[in-house]
Student: 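First the structure, then my questions, so here it is.
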Number of protein chains: 2
Amino acid sequence: MKPTAAAATPQLLRRVNAQSVLGFIRNTESATGTELMNHTGLTRASVIAVCEDLIRRGWIRELDARGEDQPAGPRKGRPARRFEFNAKAGFVLGIDIGAATTTAAVADLRGTVVGRSSEGFRAADIPAAERIDVVDRACRGALAAAGTGPGSVLAVGAGIAAPVDRDGKVLVTQHFWSLFDVGLRAALQDLHGWTVLLENDANLAALGERWRGSGAGVDDLVVLLAGERLGAGVMESGRLLHGRGGAAGEMGYLDLVAGVGSSDGIASLARQWSAAAGGPAAGGPASARRVFEDAAAGDPAALAILDRIADRMARVIATVASFINPEQVVLGGAVADSAQALLPGITARLPRLTATPPRVTVSPLGDSIVTVGAVRHALDYVEANALELELSLSAGPRL
Amino acid sequence: MKPTAAAATPQLLRRVNAQSVLGFIRNTESATGTELMNHTGLTRASVIAVCEDLIRRGWIRELDARGEDQPAGPRKGRPARRFEFNAKAGFVLGIDIGAATTTAAVADLRGTVVGRSSEGFRAADIPAAERIDVVDRACRGALAAAGTGPGSVLAVGAGIAAPVDRDGKVLVTQHFWSLFDVGLRAALQDLHGWTVLLENDANLAALGERWRGSGAGVDDLVVLLAGERLGAGVMESGRLLHGRGGAAGEMGYLDLVAGVGSSDGIASLARQWSAAAGGPAAGGPASARRVFEDAAAGDPAALAILDRIADRMARVIATVASFINPEQVVLGGAVADSAQALLPGITARLPRLTATPPRVTVSPLGDSIVTVGAVRHALDYVEANALELELSLSAGPRL
DNA sequence: GGCAATATATTTAGCTTGTATCTAAATTAT
DNA sequence: ATAATTTAGATACAAGCTAAATATATTGCC
């Protein structure tokens, strides 16, 4: 009979307190023992013990006494030991795997992106092995640009345009993705020993937007990712919603429900919009910005198109507002550039459609929205498991 | 500068382990020290220490050695001390506050309902003080029926038909509820010293359904509560969704979005259905079961009505399936009796409307669905805060 | 330059809680 | 009766925290 719960031993205290110290020091430039005492509620003795533990494990470093740029602090008294988070103790990879291209970003443990690389797929229906190879090439390129190597990667976040459940398993549906993506996870694990965290791209967009986009600090946030398709990433109370099979926010069928006919529904809206904005789906850049330029110039036909799109978007947002009641909805993805023109039309319609209209904004992250979120996802994993992860210590970045 | 986090002290270990022991013993008839060791992973010494702690605090009791009905266990060896959860160490109240009536249920700490009482409101627009008085009378009645008194109440869960946010605050909207409900919380707190946990009634229905209804063990669950109005309680990953202002699942406006016209929309659907089923809203029992009886008899007009209702419900469920992807949707509330007739029509339509059709069931809890959920809500609070709560120890139930 | 004031570092003692291990007790089976 | 078995209880010890006393390094003033 195996225990259902692990016993709490004194070591747990150290883990909890170390996480507390590490969590604080990660978000500050550097900290003295006294500062850590004040913020964690621990006594000095415990703080020092924890710090020495963290130094031994490589997560923080002690600065030379009285270095150069010490912040003000008290001028009198024995000088304090200063500790700083070792942001270069390892790196994370954030990957955006699209239909046509894939982008990998390398970030240090504070989330600063230090390398980036993109690769295109030869065709849409290439075999799984080739697709994995292209993704791997993008990863290696990004690592090289960062001046480090595969050995320094502590976790990998990867976004795909398919439902992914809480355990990182891809929902098997009509998407051809399903077949090759489970392969990706295992492949990168086998190739480099990486821990790969698969997620839905819209979900990662939500993480990214809350971290470094226009949803900073918003706990109840929905990101509508409109690009190759329309998907929603939903955060409630600061947590991502997955649902049973990870299909929360999958609105492919929604036009049958919310629209008056499928030709005017949500799925086609994404295509229309993408085409109008010059996205990769259809239409091409020919019909591209002209709609928006014409609309800006006052052309009635172009304005009518924008109006219809705004109406559809407002209905989608109102529906999500009814079920989720988010504080804010962010429009992101390939069409974010053109979304600004839609905002007035959308916000004007919302009060008539829902009792709880959310704030609507446009993502400032551009087409890096998914990679930023993927980096955040990987960092979340690293931060949650910091004390279980082994840092291969070395001077400087490893190759 | 106040600490942002509390330091983890050795006492935390005891709290964690005591919760572990208490959590196990609560869900079993009685347990020996050895059984507790096996399930918690603690050593015997720790288990005994924890148990004696819990006995001192009143949460568990030691049974007389070798009582009557000891379960099998090992036949040889020194007889084991047996501990049991003290289910009568206190009680919780679960209240359903409707528009016309209010019902209070008293349950022991295992959730067994031991008292119940209902009171009707004189009119819909009575002043707040009177409404509070009626609720209080229902509570006293239920406590009397349970053979106990206000002093034994450890927590109160109360469900109302208005948005309630995560902190138990009522969203101020058009509902007249808002005014009086904040009053209710403070009033019961002042009158009896009770901790009152306000929640949306549909949310409580979801808690109840997952606990003792048809959603047992389902982590991603939506309950559609159709009675005086139509509301949804949404659970994702075992947690209730509130959204920014607690308005998650509020579908009052949804007909503007999902319907082709408001007269055929969701809000009117609730009225139609309620009327057809003989609910309190309109129509009365005259037009009541006849629709369902006629439909069962094959009457085309009645069948058409059912069909239209099923179509609407299927669209609502499909929409929620797109955004939340629940494993199961439960139909509950006053119309649950008649919902069985709609199931085939709903489930038949779902696959065309969503890629992730949930299982659809009808609640077996009848009109106690909200009180059951309210009891569960109160128990959740008590269980989470058990070691912080003071039990006024006494022999037998207190008055 | 010496000295007080100040802030931090370090040490020591003690408390809580846990594990591990050994011995005692109570019951059943032989 | 005796052996086997199972649990209870006691002892020793380790991890981690607090609290209090002591030591150290720096600033500022005389």
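Every chain is numbered from 1 and lettered A, B, ... according to where its sequence line falls, protein lines coming before strand lines. Note that this is a predicted model, so its numbers are computed, not measured.
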Student: Under the rule for salt bridge (charged side-chain N to carboxylate O under 4.0 Å, His left out), what residues qualify as partners of Asp219(A), not counting sequence neighbours?
Tutor: Arg210(A)
Student: Using the test salt bridge (charged side-chain N to carboxylate O under 4.0 Å, His left out), find all partners of Arg61(A) that sit at least two apart in sequence or belong to another chain.
Tutor: Glu84(A)
Student: Could you tell me which residues satisfy side chain to side chain contact (heavy atoms under 4.5 Å, CB included) with Arg376(B), sequence neighbours excluded, listed by chain and number?
Tutor: Leu207(B), Trp211(B), Leu379(B), Asp380(B), Glu383(B)
Student: Could I get the full list of side chain to side chain contact (heavy atoms under 4.5 Å, CB included) partners for Glu62(A), not counting sequence neighbours?
Tutor: Ile55(A), Arg81(A), Phe83(A)
Student: Among residues at least two apart in sequence or on other chains, which ones pass side chain to side chain contact (heavy atoms under 4.5 Å, CB included) with Ala374(A)?
Tutor: Leu204(A)
Student: Tell me every residue that passes salt bridge (charged side-chain N to carboxylate O under 4.0 Å, His left out) with Glu388(B), counting only those two or more places apart in sequence or in another chain.
Tutor: Arg15(B)
Student: Tell me, with the steps shown, if Glu29(B) and Arg82(B) meet salt bridge (charged side-chain N to carboxylate O under 4.0 Å, His left out).
Tutor: CA-CA 10 Å; Glu29(B) 196 58 45; Arg82(B) 294 201 81 87; over 6 Å; no
Student: For nucleotides 1-3 of chain C, give me every protein contact, N/O to N/O, under 3.5 Å, one pair per line with atom names.
Tutor:
none

Student: Quick one: what's the B/S/- string for nucleotides 9-18 of chain D, heavy-atom cutoff under 4.0 Å, read 5' to 3'?
Tutor: S-----BBSB
Student: In whole angstrom, give the distance that lies between atom CZ of Arg82(A) and atom P of dT26(D).
Tutor: 15 Å
Student: Taking only residues two or more places apart in sequence, or in another chain, which ones meet Asp190(B) in a side chain to side chain contact (heavy atoms under 4.5 Å, CB included)?
Tutor: none
